[in-house]
**Student:** 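Below is a structure I'd like to ask you about.
These numbers come from a predicted model, not from an experiment. Quick note on labels: first sequence line is chain A, next is B, and so on, each numbered from 1.
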Protein chains: 2
Amino acid sequence: MAKPKIEEFSANEIYFADIVKALSHPARVRILKILTEMNLCMCGEIVNQLPLAQATVSQHLKELKRVGLIQGDIDGPKVCYCVNPDNLFKAKKELENIFNQLTKKGALSCKTKKK
Amino acid sequence: MAKPKIEEFSANEIYFADIVKALSHPARVRILKILTEMNLCMCGEIVNQLPLAQATVSQHLKELKRVGLIQGDIDGPKVCYCVNPDNLFKAKKELENIFNQLTKKGALSCKTKKK
DNA sequence: ATCGTTCATCGTAAATATACGATAGATAAG
DNA sequence: CTTATCTATCGTATATTTACGATGAACGAT
């Protein structure tokens, strides 16, 4: 089974994992960067800036849209994409929370460095 | 091909994606939390706190070790795991950089909300 | 109405990821 | 040495991910 046993984890844990997974591919991060820098961007422009086929880029856009990090508006035959600042901010805060939990405590290293 | 076309992306982009992917599973995040809270932790304790088989947990631990977020020291027949604070901090900074890049600019929403 | 452009979706192939039982290796205890 | 414990690894099954060509749907322009 490639599917995590998500039913065993909380809704928040699953939400976090979902957002993070969307950020776990270089192409998707680059898409987000492009959209941030260009402020409104046609799908075709993104395809031109990535070493991937149009169908593949479209799939990545769909995934980013699914988790709410971007949105796409139809503009004639083209589609205008942009980031969703609210959700991006929310994801940022969520990640900060996790990392603060993981780094705040003393969190000593192992003493016995045998391996 | 399930493999991203990593050769097309920079080393830093790939490093980031790799770290983030390690964080994209609820079980692995929970493992990190357990290790942070308990400060040194036997593998068996982790298995007890997760709804997963020992073999599966061991696999997740291996992945976290691979990306450098944790380390495991042999202690007799047991293995003592702990987070790697340096790499965790590095990952945190890396994520902050990305998000700062993605959220700093005006990053307007689309105007035409047709879809 | 037809054509060209733009993009999403379908179908498909191959690689990865997730999960678990079974097994093997290492060590402590007896 | 034998046994019990702990953990990694192997083998395997299944689902998901990544990628691309081909096709289809929507729209503007002619």
Side-chain angles (χ1 to χ4, degrees), chain A residues 1-9 13-14 17-18 20-31 40-67 70-82 110 112 114-115, chain B residues 1-9 13-14 17-18 20-31 40-67 70-82 110 112 114-115:
Chain A
M1 311 148 190
K3 192 166 206 161
K5 295 178 80 175
I6 53 174
E7 60 285 359
E8 309 283 0
F9 297 94
E13 284 174 311
I14 294 165
D18 219 33
V20 169
K21 187 153 62 182
L23 296 172
S24 73
H25 193 294
R28 286 192 291 265
V29 174
R30 206 183 273 185
I31 287 172
L40 305 190
C41 187
M42 297 305 129
C43 173
E45 301 179 51
I46 301 171
V47 174
N48 289 338
Q49 296 188 49
L50 290 178
L52 298 170
Q54 182 265 323
T56 305
V57 172
S58 197
Q59 236 175 208
H60 284 308
L61 288 168
K62 187 179 180 182
E63 179 60 16
L64 287 170
K65 205 158 48 174
R66 187 185 68 79
V67 300
I70 68 173
Q71 64 188 70
D73 301 348
I74 294 175
D75 177 23
K78 305 181 179 182
V79 175
C80 159
Y81 281 102
C82 62
C110 301
T112 55
K114 291 183 192 165
K115 197 174 191 181
Chain B
M1 310 150 188
K3 191 167 207 162
K5 295 179 84 176
I6 53 174
E7 61 285 358
E8 308 284 359
F9 296 94
E13 283 175 312
I14 294 166
D18 219 33
V20 169
K21 187 153 59 182
L23 296 172
S24 73
H25 193 294
R28 287 192 290 265
V29 174
R30 206 183 271 185
I31 287 171
L40 305 190
C41 187
M42 297 305 127
C43 172
E45 302 178 52
I46 300 169
V47 172
N48 288 338
Q49 295 189 50
L50 290 177
L52 298 170
Q54 181 265 323
T56 305
V57 172
S58 197
Q59 236 174 209
H60 283 308
L61 287 168
K62 187 180 180 181
E63 179 61 14
L64 287 170
K65 205 159 47 177
R66 187 184 68 78
V67 300
I70 69 173
Q71 64 187 69
D73 301 350
I74 294 175
D75 177 23
K78 305 181 178 182
V79 175
C80 159
Y81 280 102
C82 62
C110 300
T112 55
K114 292 184 193 164
K115 198 173 188 179

**Student:** So for atom NZ, which belongs to B:Lys78, do other residues, nucleotides or ligands contribute more than 12 heavy atoms lying within a distance under 6.0 Å?
**Tutor:** no

**Student:** Identify, between A:Lys78 and A:Phe9, the residue whose nearest nucleotide on DNA chain C lies closer to the 5' end.
**Tutor:**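 Result: A:Lys78.
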
**Student:** Test B:Glu63 against every option in B:His60, B:Gln59, B:Arg66, B:Lys65 by the side chain to side chain donor-acceptor pair (under 3.5 Å) rule and name the one that passes.
**Tutor:** B:Arg66

**Student:** In whole angstrom, what separates B:Leu64's CG from C:dT18's P?
**Tutor:**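 About 11 Å, once rounded to whole Å.
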
**Student:** Let me know the distance between CG of B:Asp73 and C1' of D:dC6, rounded to the nearest Å.
**Tutor:**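 Rounding to the nearest Å, CG of B:Asp73 and C1' of D:dC6 are 16 Å apart.
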
**Student:** I need the CG-P distance between A:Leu52 and D:dT17, as an integer number of Å.
**Tutor:** 17 Å

**Student:** Quick check: on DNA chain D, is the nucleotide nearest A:Pro77 upstream (toward 5') of the one nearest A:Glu63, or the reverse? Name the residue that is more 5'.
**Tutor:** A:Glu63

**Student:** Figure out the NE2/P separation between B:His25 and C:dT16, and round it to whole Å.
**Tutor:**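 The distance from NE2 of B:His25 to P of C:dT16 comes to 18 Å, rounded to the nearest Å.
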
**Student:** Base, sugar-phosphate, or nothing for A:Ala55, non-hydrogen atoms under 4.0 angstrom?
**Tutor:** base

**Student:** Is there a donor on the side chain of A:Gln54 or the base of C:dA8 sitting less than 3.5 Å from an acceptor on the other?
**Tutor:** yes

**Student:** Any non-hydrogen side-chain atom of A:Ile31 less than 4.5 Å from a side-chain atom of A:Leu64?
**Tutor:**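 Yes; the side chains approach each other to less than 4.5 Å.
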
**Student:** Going by the rule side-chain contact (heavy atoms from CB on, under 4.5 Å), which residues pair with B:Val29 if we only count those two or more places apart in sequence or in a different chain?
**Tutor:** A:Phe16, A:Ile98, B:Lys33

**Student:** Between A:Gln49 (side chain only) and A:Ile46 (backbone N and O only), is there a donor and an acceptor less than 3.5 Å apart?
**Tutor:**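 No; judged by distance alone, with no hydrogens or angles, the pair does not exist.
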
**Student:** So, is A:Thr56 close to the D:dC20 phosphate, meaning a side-chain N or O under 4.0 Å from OP1 or OP2?
**Tutor:**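 Answer yes for this pair, as a side-chain N or O of A:Thr56 is under 4.0 Å from OP1 or OP2.
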
**Student:** Please report, rounded to the nearest Å, how far the C1' atom of C:dC7 is from the CE atom of A:Met42.
**Tutor:** 12 Å

**Student:** Would one find a side-chain N or O of A:Lys21 under 4.0 angstrom from OP1 or OP2 of D:dT17?
**Tutor:** yes

**Student:** Name the nucleic acid region contacted by B:Gln59, choosing base, sugar-phosphate or nothing; use a 4.0 angstrom heavy-atom cut-off, strictly under.
**Tutor:** base

**Student:** Please determine if a side-chain N or O atom of A:His60 lies less than 4.0 Å away from the OP1 or OP2 oxygen of D:dT17.
**Tutor:** no

**Student:** Given atom OH of A:Tyr81 and atom C1' of C:dT6, what is their separation to the nearest angstrom?
**Tutor:** 11 Å

**Student:** Please state how far atom NZ in B:Lys62 lies from atom P in C:dT18, giving the value in whole angstrom units.
**Tutor:** 14 Å

